[in-house]
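Scope of the values below: all heavy atoms of this structure, side chains included, with no hydrogens, waters or symmetry mates.
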Amino acid sequence: MKRRDVLKLLSLGAAGLSGGFFTIQLFNKEAPAIVFLTDQPTTDLFYVLKQLKQYSDYRISEQPISPVPQDATLFLHGKLTDPFADGTPHWFKTFTHQLRSRKRPATALIALEPETDIRKESIIIKSNGQIVDVLDVSRNYADIIVPVQMGKTHLSLQDGTISVTHASCKHKLCQKQGAISEGHLICAPNRLVVSLPRPSKFDALIG
Amino acid sequence: MKKNRLLRTHAYHTAILIGSVVFFLFLGCQKSSHTYRFTRFSMDTVIEYTVVSSDQQTALKAVNAAHQTIVTLDSLYWEENPTSPIFQLNHATNSVVLPDSVYQFLRRIQTYWKLTHGLFDPSVKPFLDLYGFEQDSPTPPTPEKIASVRPYVGFQHFHFQPGNRMAKEAPQNAIALGGVAKGYAVDRAVAVLQQMGIQAGIVNAGGDLRCWRADDNYWQVGIRHPRKQGLLAVLKLQNAAVATSGDYQRYYFYQNVRYHHLIDPRTGEPGRLSQSATVIAPTCETADAFATGLFIMGPRAGIAWLDSLNGIDGILVDSSGNVHTSRYIDRYIVELVK
């Protein structure tokens with residue numbers, strides 16, 4: 001190997017190492033993540049947080065939705081679990097049962113994610129608990145194809161808002177959710193979760 | 001010639017190498033700041049800490065210390081905690097000696113009570129208890145019941161005596177610090193975070209928020225609309241506190257009438273002039289107390305009152321949904337839904 005090549009390799013290596021600093025930190029998978037649809041956001045959120053108090057740090061997002069039945073989903077170690085399966089916490093079974101037995105439609109989607117660092121620029125797409133894509137929120141994509149259990153789901157990212165343009169599930173609730181600029185897009189049948197970064201518009205929400 | 005070219009090539013590659021190494025070292029050494037967010041539960045609400053720090057460990061350490069302060073204050077100021085001085089005061093027949101910090105806090109409460117012309121009044125507890133907000137299917141009290149406890153409401157029935165002693169005129173006199181204790185706790189938590197070297201951050205205790213930062217940027221804070229989905233306003237804040245009192249925070253419907261927790265000390269009934277009142281003030285304690293006062297005052301008296309105060313601004317949504325703002329609110333507004 002010539003001296004010139006050694007120098008080239010060294011400079012490439014150094015550049016690569018510096019690039020490594022920007023690697024995105026992935027989710028902490030120890031604590032469960034919970035997403036639920038409710039007509040009583042505050043009361044239910046307090047209840048869930050009381051149950052989760054052994055885990056310290058949660059990123060919570062809340063967004064209004066067009067009316068859908070109330071329900072809850074639980075992600076354990078990054079995987080969506082059956083609420084009534086063995087091993088699911090008892091309180092979560094009760095909570096899910098309670099939500100499903102309510103007659104009024106849900107008006108809000110609440111997501112609790114065990115995470116501390118705010119990633120301001122990345123949209124994370126998870127299918128069946130696995131990260132399948134990470135997008136830069138400032139880019140525009142007319143068609144993002146995500147392979148899911150029931151085929152393919154098509155997403156579109158335009159001006160910081162993401163939407164499902166074609167859903168492969170039966171009820172297409174994810175498609176009906178419309179374009180969102182914060183929080184989460186969820187397709188429960190396909191175990192697809194699209195997490196948007198913290199709202200760039202504001203740093204805190206009160207009222 | 002050939003030697004010269006070889007030397008130039010070597011010089012070129014050496015420059016790239018040195019440049020890359022310097023760049024790498026620069027990245028390795030510089031302490032870039034990240035924003036970390038932690039969520040905790042205390043004072044019966046969700047407390048969000050947003051802190052700017054060079055590393056997660058420092059941020060976590062500071063947040064843990066700040067949260068410990070809030071937990072301690074919760075046990076001191078929660079009137080239902082049998083060991084709290086406030087519980088002892090409420091259950092005393094005559095007078096009690098209070099810890100200095102609690103005594104001083106109640107002194108400040110007295111100031112807010114006076115400044116809001118008696119409309120922020122923590123001594124409405126006897127009224128509040130009649131509404132049964134803690135019950136599963138509550139019903140509002142009859143006018144007779146309200147009249148029966150009226151003599152015991154009013155902060156003028158509490159007297160500050162030497163030696164941190166607080167006296168009350170009747171055993172039934174009682175106070176509920178509800179909202180304002182949260183504001184005080186936020187102020188204390190911010191002080192702890194600042195002492196631990198956090199240069200910028202937000203503490204948001206279920207809507208009582210205080211933020212600070214040393215640079216020229218702003219924190220953007222969204223305020224929920226009391227009725228509609230979405231936001232009433234987006235504010236830009238640097239070093240300020242903001243609190244909102246709303247009739248949608250703790251309420252029930254009885255015979256299609258909304259009964260909420262913001263009781264008008266004059267009538268013993270929930271304040272009917274506003275849907276929500278937001279106050280921006282230098283401290284969260286002040287913002288909290290004034291938001292309650294502003295809510296009860298309603299648009300006409302409330303906005304005039306805000307404009308008479310220095311450095312205090314606010315937004316009020318009246319009972320018909322109209323939005324009213326104080327004179328100098330524009331300096332904080334990014335967006336306002338009218």
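In this structure, the separation between CD1 on A:Ile206 and CG on B:Leu231 is 10.5 Å, given to the nearest 0.5 Å.
Proximity to chain A is limited to the side chain of B:Tyr248, based on heavy atoms less than 4.5 angstrom apart. Heavy-atom distances place no part of B:Val334 under 4.5 Å from chain A, backbone and side chain included.
Within a 6.0 Å radius of CZ in A:Arg104, other residues, nucleotides and ligands contribute 12 heavy atoms or fewer. Taking a 6.0 Å sphere around NZ of A:Lys93, one finds it holds more than 12 heavy atoms contributed by other residues, nucleotides or ligands. Taking a 6.0 Å sphere around CZ of A:Arg139, one finds it holds 12 or fewer heavy atoms contributed by other residues, nucleotides or ligands.
The closest side-chain heavy-atom distance from B:Ile202 to A:Asp203 is below 4.5 Å.
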